[in-house]
Amino acid sequence: MRETYLMRTWKYTILFLLLVFTLVPFLWLLDTSFKSDEAIFASKPTWWISPFTLDSYTWALGKKGIQLGKLLSNSLITCAITALITGLIACISGYGLARYKVPGIKLIFVLLVLAQMIQGPMIMIPWYKFASSMSLLNTKTILVMIYCTMTIPVGVWIMSGFFKTIPIDLEEAAYMDGASKLKTLFVVVIPLALPGLVAISLYSFILGWNDYQYSLILTNSLSAKTVQVGIAEVMESMGSTNWGGILASGVIIILPIILIFAIIQKFLIEGLTAGSVKG
């Protein structure tokens, strides 16, 4: 018992230290965002906030700054649509691959994995030419299309593994009760697959939220730019950088992801682990 107690104490000590190491940068970001410029550049940094001010947040959200409200709206719309499309296609395609004998299914899974290897700079020029020829430059549509090509293969692969963990006897019982295949899918199967669906949707949302390179190359106006590009442009182009405003922008950008994680973390963990059991 003593050994068990000591091991448990040691384990939680390590976890606590890792937690502190992870959270300190964000806490410092949050703390500094409420300080004045004089306090931010003080010779002796301190956690104490004096004087407390919201000027940095006013600048970040106002027209004098980077108009973060509009940039956030662009990012939220783009990422939400990406998550919705990915969840829908991954759910239907994953179910089909899990429940039906699809010719060449092994090749399909290989192609799903390879699709993740052909991303980023190597296909940037083709994407740009496609967007230009289809008059999609500087639109949210092209960003959604690109993000979906990155998220759907992963989503299909994980959802297929998740559906394989759901006993087929449940569906057969529903058929015997007179339910159609479509009703069985939406009433019986999808509620059980909800953790995996949530995990895939959140993954898709975060991937789009963190994107910088595609948004930088394919958008150039306030109507389509995302928050990542907006902050980067402020840091690179302003003669006198408003570091307080940038720190406040960082806090505002991080908060939505933290809130989403706090709400659906249970579904996320269940979905990622269950989807990896079979593939």
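Small disclaimer: the values here were computed from a predicted structure and weren't measured.
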For this session: Treating Ile, Leu, Val, Met, Phe, Trp and Tyr as nodes and any side-chain heavy-atom pair under 4.5 angstrom as an edge, say whether Leu76 and Leu84 lie in one connected cluster.
Result: no
Exercise. Do the side chain of Lys225 and the main chain of Lys70 share a donor and acceptor less than 3.5 angstrom apart?
Worked result: no
For this session: Would you mind checking if Arg99 and Glu171 are paired as a salt bridge, meaning a charged N to carboxylate O distance below 4.0 Å?
Result: yes
Exercise. For the residue pair Trp209 and Phe205, does the interplanar ring angle fall in the parallel (under 30°), tilted (30 to 60°) or perpendicular (over 60°) class?
Worked result: parallel
Problem set entry | Transitive ILVMFWY side-chain link Ile92 to Met159, under 4.5 Å | no
Exercise. Would you say Ser75's side chain and Val227's backbone share a donor-acceptor pair under 3.5 angstrom?
Worked result: yes
Exercise. OH/Tyr214 to CE/Met150 distance, rounded to the nearest 0.5 angstrom?
Worked result: 5.5 Å
For this session: Give the C-alpha distance, both sets of side-chain angles, the deciding distance and a yes or no for side chain to side chain donor-acceptor pair (under 3.5 Å) between Ser33 and Tyr57.
Result: CA-CA 8 Å; Ser33 66; Tyr57 288 91; 2.7 Å; yes
For this session: Go through the side-chain N and O atoms of Thr219 and Asn138 and say whether any donor and acceptor fall under 3.5 Å apart.
Result: no
Problem set entry | Nearest heavy-atom neighbours spanning Phe26 and Ile258 | CZ-CD1, 3.9 Å
Problem set entry | Ile14 atom CD1, over 12 foreign heavy atoms within 6.0 Å | yes
Exercise. Taking all non-hydrogen atoms of both residues, which atom of Gly161 and which atom of Thr165 are closest, and how far apart?
Worked result: O-CG2, 3.4 Å
Exercise. Can you check whether Leu29's main-chain N or O pairs, donor with acceptor, with Thr32's side chain at less than 3.5 Å?
Worked result: no
Exercise. For Ser215, does its backbone N or O pair with a side-chain atom of Asp211 as donor and acceptor, under 3.5 Å?
Worked result: yes
For this session: Kindly indicate whether the side chain of Val229, heavy atoms from C-beta on, has any atom under 4.5 Å from the side chain of Thr226.
Result: yes
Exercise. Parallel under 30°, tilted from 30 to 60°, perpendicular over 60°: which one fits the rings of Trp47 and Trp28?
Worked result: perpendicular
Exercise. Got Leu15 and Tyr12 here, is their nearest side-chain heavy-atom distance under 4.5 Å?
Worked result: yes
Exercise. Do Lys35 and Thr53 have side-chain heavy atoms sitting under 4.5 Å apart?
Worked result: no
Exercise. Transitively linked via ILVMFWY side-chain contacts under 4.5 Å: Val189 with Tyr100?
Worked result: yes
For this session: For Ser180 and Tyr175, work out which heavy atoms get closest and say how close.
Result: O-CE2, 4.2 Å
Problem set entry | Which atom of Ser50 lies closest to which atom of Ala39, heavy atoms considered | O-CB, 4.1 Å
Exercise. Counting distance only, does the side-chain N/O of Ser201 pair as donor-acceptor with the main-chain N or O of Leu197 below 3.5 Å?
Worked result: yes
For this session: Report yes if some heavy atom in the side chain of Leu27 is under 4.5 Å from a heavy atom in the side chain of Asp31; otherwise report no.
Result: no
Problem set entry | Nearest-0.5 Å distance, CG of residue Asn210 to OH of residue Tyr147 | 9.5 Å
Problem set entry | Side-chain heavy-atom pair Ile252, Leu68 within 4.5 angstrom cut-off | yes
Exercise. Are Leu194 and Ile190 close enough that some pair of their side-chain heavy atoms sits under 4.5 Å apart?
Worked result: no
Exercise. Under 4.5 Å between any side-chain heavy atoms of Leu88 and Ile85, yes or no?
Worked result: no
Exercise. Is a donor on one side and an acceptor on the other found under 3.5 Å between the side chain of Ser133 and the backbone of Phe130?
Worked result: yes
Problem set entry | Thr78 side chain to Asn74 backbone, donor-acceptor under 3.5 Å | yes
Exercise. Are Ile254 and Leu61 connected in the hydrophobic side-chain network, where two residues link if heavy atoms are under 4.5 Å apart?
Worked result: yes
Exercise. Considering all heavy atoms of both residues, which atom of Ala90 and which atom of Gly155 are nearest to each other, and what is their separation?
Worked result: CB-C, 3.4 Å
Exercise. Between the side chains of Ser204 and Thr82, is a donor N or O closer than 3.5 angstrom to an acceptor N or O?
Worked result: no
For this session: Applying side-chain contact (heavy atoms from CB on, under 4.5 Å), run through Met145 and Leu136 and close with a yes or a no.
Result: CA-CA 10 Å; Met145 293 174 64; Leu136 293 175; 3.9 Å; yes
Exercise. Atom CD1 of Ile89 and atom SG of Cys91: how far apart are they, to the nearest 0.5 Å?
Worked result: 11.5 Å
Seminar exercise, completed: Heavy-atom closest pair (Trp59 atom, Gly245 atom, distance to 0.1 Å) is CE3-CA, 3.4 Å
Exercise. CD of Glu172 to OG1 of Thr184: how many Å apart, nearest 0.5 Å?
Worked result: 10.5 Å
Problem set entry | Check: Tyr128 main-chain N/O paired with Ser132 side-chain donor or acceptor under 3.5 Å | no
Problem set entry | Candidate pair Trp157 and Ile200, rule side-chain contact (heavy atoms from CB on, under 4.5 Å), full reasoning | CA-CA 10 Å; Trp157 179 67; Ile200 288 302; over 6 Å; no
Exercise. Considering residues, nucleotides and ligands other than Phe52, do more than 12 of their heavy atoms fall under 6.0 Å from its CZ?
Worked result: yes
Seminar exercise, completed: Interatomic distance, CG@Leu170 vs CG@Leu192, rounded to 0.5 Å, equals 6.5 Å
Problem set entry | Inter-residue atom distance Leu218.CG - Lys140.NZ, 0.5 Å rounding | 14.0 Å
Exercise. Going through the distances and angles, do Leu185 and Lys181 end up as a side-chain contact (heavy atoms from CB on, under 4.5 Å)?
Worked result: CA-CA 6 Å; Leu185 175 62; Lys181 289 187 176 181; over 6 Å; no
